[in-house]
There are 2 protein chains.
Amino acid sequence: MEYSVHVRMNERLFLRDPEGSELGRRIVRQGILLFDEIGFEDATFRKLADRMGTKEASIYRYFENKHRLLVYLVAWYWQWLDFQLVFRTNNLADPHEKLERLLHLLLLTDLENPLTDDIDLRALHNIVICEASKAYLTRHVTEDNRQQLFKPYKDLVGRIAGIILELRPGYPYARSRASSLIETIHHQAFFMENLPSLTDFGQPKDQSKLLAFVRHLLFSSLAMPILD
Amino acid sequence: MEYSVHVRMNERLFLRDPEGSELGRRIVRQGILLFDEIGFEDATFRKLADRMGTKEASIYRYFENKHRLLVYLVAWYWQWLDFQLVFRTNNLADPHEKLERLLHLLLLTDLENPLTDDIDLRALHNIVICEASKAYLTRHVTEDNRQQLFKPYKDLVGRIAGIILELRPGYPYARSRASSLIETIHHQAFFMENLPSLTDFGQPKDQSKLLAFVRHLLFSSLAMPILD
DNA sequence: GCAAGGTAGATAGTAATACTATCAAAATAG
DNA sequence: CTATTTTGATAGTATTACTATCTACCTTGC
């Protein structure tokens, strides 16, 4: 039995819903591959159109600009991750175990089907690591935020914060702990790959050592009492 | 008595040493103000030239491009911070106290002279928070890294890792702990300002609560034993 | 089978960006 | 005071990031 979990996206993320047409779906899927291959900065709608055998103008009918496409992809990823988290921690009682599952999800270690809905999750994960912060590190964060473009990220952070509070009721930094956990994992993964001397996970790149680091970091902060 | 601590920069960061001429110094100082005011993306060498009353071509004689200027500014900041760290922890014996000083430095809380060498440190600190990651989140990280452009950052991380190991000999993640500390502080500072629901430091923006969070995060991870 | 409405393809064009080149004027160094 | 370097001024190119328009096509509704 196959489940098709359709992720309904915020309408302000696009001009025309890309999941509503074949061309739109190809823009999203090929966009992921292009961003992954040549990076966000070097990507242009012209290059994407060429690779797809369509025209620049057609892509502009779906997305206002390249930045909005990035925000869309990243938002999709956070919604996917949030769903995965709910699904995989569904009938677990122990919040410790839930957070353990979360760590594996964030590192994308045990991924059964690398293609979901024809979306290349490894490529998308890479984009999130390398480019996601460019989605909010702009002058128009405030306006984008007002349009709810970052809601999926906030929802995920909220859900993680909830689990943190299950494990440690009264912990006063649940949201900050959640957002910093996500960002730290991605940063360290990027550094491990590109600037390994900023980490302790030198060659050979040791995903499991990175996991051990963030696990220790997370659980030690949740175990230690707060003294003021 | 005045000290002029001249920071000698890696020669690959520029085409002509900006500290070697009046025009060069103005490019750096006005560049900081421009990046701070309108952001890295919207800044151009033309706008910088206009604001300085000089010409685009003159700036290109100092810096290959806008990205290199950013890398220069960020590298300058890390060298400044590294010096400050050495200076302010000079005759301290207690590594705990050293790390405490570091936290204050990273947050730029107690800054006696906001202008060092005519460089606006508050503006530069802001740039580091909002734009520094764009210095390495590019396709040419590896090449830039080979040219030692990130050495100041690595040196700082190495020094912090050293203090961490004083406090906690044998801690296996000293470098990752150092780099994640820096990144976490900057991320949380950015979120507090722009996406406060990702933090627990809502309005009114509470710098001291952020400090309390990272302090707890840092020292709990260094206090907790590692179980494998 | 056909009209109406919408989607995509194709071409063109504009303003801004990210540079490069050149030459003369001005500053400075020996 | 001359030689060299630095800056100013102007110009030009390729690319980017769009916007506009028109035609072909493809539904679907009747």
Side-chain angles (χ1 to χ4, degrees), chain A residues 11-31 34-35 37-73 131 134-135 137-140 143-144 149, chain B residues 11-31 34-35 37-73 131 134-135 137-140 143-144 149:
Chain A
E11 303 217 337
R12 293 184 214 247
L13 284 163
F14 47 76
L15 296 172
R16 196 198 301 283
D17 183 3
E19 290 303 316
S21 78
E22 188 50 35
L23 182 65
R25 277 186 294 274
R26 292 209 302 134
I27 291 170
V28 170
R29 280 133 189 91
Q30 293 289 314
L34 183 68
F35 283 0
E37 281 170 29
I38 68 174
F40 176 70
E41 319 291 340
D42 289 348
T44 68
F45 276 0
R46 180 174 301 273
K47 287 177 190 170
L48 179 53
D50 286 352
R51 141 197 287 257
M52 292 172 57
T54 183
K55 294 287 161 181
E56 216 181 347
S58 303
I59 302 178
Y60 276 107
R61 289 184 186 115
Y62 285 85
F63 291 100
E64 231 173 296
N65 53 50
K66 188 173 65 149
H67 184 260
R68 282 294 169 112
L69 175 54
L70 176 67
V71 174
Y72 179 92
L73 296 179
E131 324 282 7
K134 294 170 191 168
L137 290 178
T138 72
R139 283 284 122 170
H140 46 274
E143 180 50 28
D144 288 357
L149 305 193
Chain B
E11 303 217 335
R12 292 184 216 244
L13 284 164
F14 46 76
L15 296 172
R16 196 198 301 283
D17 183 3
E19 291 303 316
S21 78
E22 188 50 34
L23 184 65
R25 276 187 295 275
R26 291 209 302 133
I27 291 170
V28 170
R29 280 134 190 89
Q30 292 289 313
L34 183 68
F35 283 0
E37 281 170 29
I38 69 174
F40 176 70
E41 319 291 341
D42 289 348
T44 68
F45 276 0
R46 180 174 299 276
K47 288 177 189 170
L48 179 54
D50 286 351
R51 142 195 288 257
M52 292 172 56
T54 183
K55 294 287 163 182
E56 215 181 347
S58 302
I59 302 178
Y60 275 106
R61 289 184 185 111
Y62 286 85
F63 293 100
E64 229 172 301
N65 53 51
K66 188 172 67 149
H67 184 260
R68 281 295 168 113
L69 174 55
L70 176 66
V71 175
Y72 179 92
L73 296 180
E131 323 282 7
K134 294 170 190 167
L137 290 178
T138 72
R139 283 284 123 172
H140 46 274
E143 179 51 29
D144 288 356
L149 304 193

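Reminder, nothing fancy here: chain letters follow the sequence lines and each chain counts from 1. Excluded from the calculations below are hydrogen atoms, water molecules and symmetry mates; all remaining heavy atoms, backbone and side chain alike, are included. Just so we're clear, the structure is a prediction, and the values are computed from it rather than from any experiment.
Atom P of nucleotide C:dG6 and atom CG of A:Leu15 are separated by 17 Å, given to the nearest angstrom. Across the protein-nucleic acid pair, A:Glu22 atom CD and D:dT27 atom P stand 13 Å apart, rounded to whole Å. Between the CG atom of B:Asp50 and the C1' atom of D:dT10 there is a distance of 14 Å, rounded to whole Å. To the nearest angstrom, C1' of D:dT7 lies 7 Å from CG of B:Leu23. The interatomic distance linking A:Tyr62 (OH) with D:dC18 (C1') rounds to 19 Å, in whole Å. When rounded to the nearest whole Å, the span between CG of A:Asp17 and P of C:dG6 equals 17 Å. In this structure, the NZ atom of A:Lys55 is 15 Å from the C1' atom of D:dT21, given to the nearest Å.
In this structure, the side-chain contact (heavy atoms from CB on, under 4.5 Å) partners of B:Glu41, at least two apart in sequence or on a different chain, are B:Lys134.
More than 12 heavy atoms of other residues, nucleotides or ligands shown are found within 6.0 angstrom of CZ on B:Arg139.
Taken to the nearest 0.5 Å, the CD1 atom of B:Ile38 stands 8.0 Å off from the CZ atom of B:Arg51. Atom CD of A:Glu19 and atom CD of A:Glu22 lie 10.0 Å apart (nearest 0.5 Å).
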* Can you check each nucleotide of nucleotides 16-30 of chain C against protein heavy atoms at under 4.0 Å and return B for base, S for sugar-phosphate only, - for none, in 5' to 3' order? => --BBBBB--------
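For the helix from C:dG1-D:dC30 to C:dG30-D:dC1, the terminal axes (five pairs an end, C1' atoms, rotation from four pairs onto the next four) enclose an angle of 20°, given to 10 degrees.
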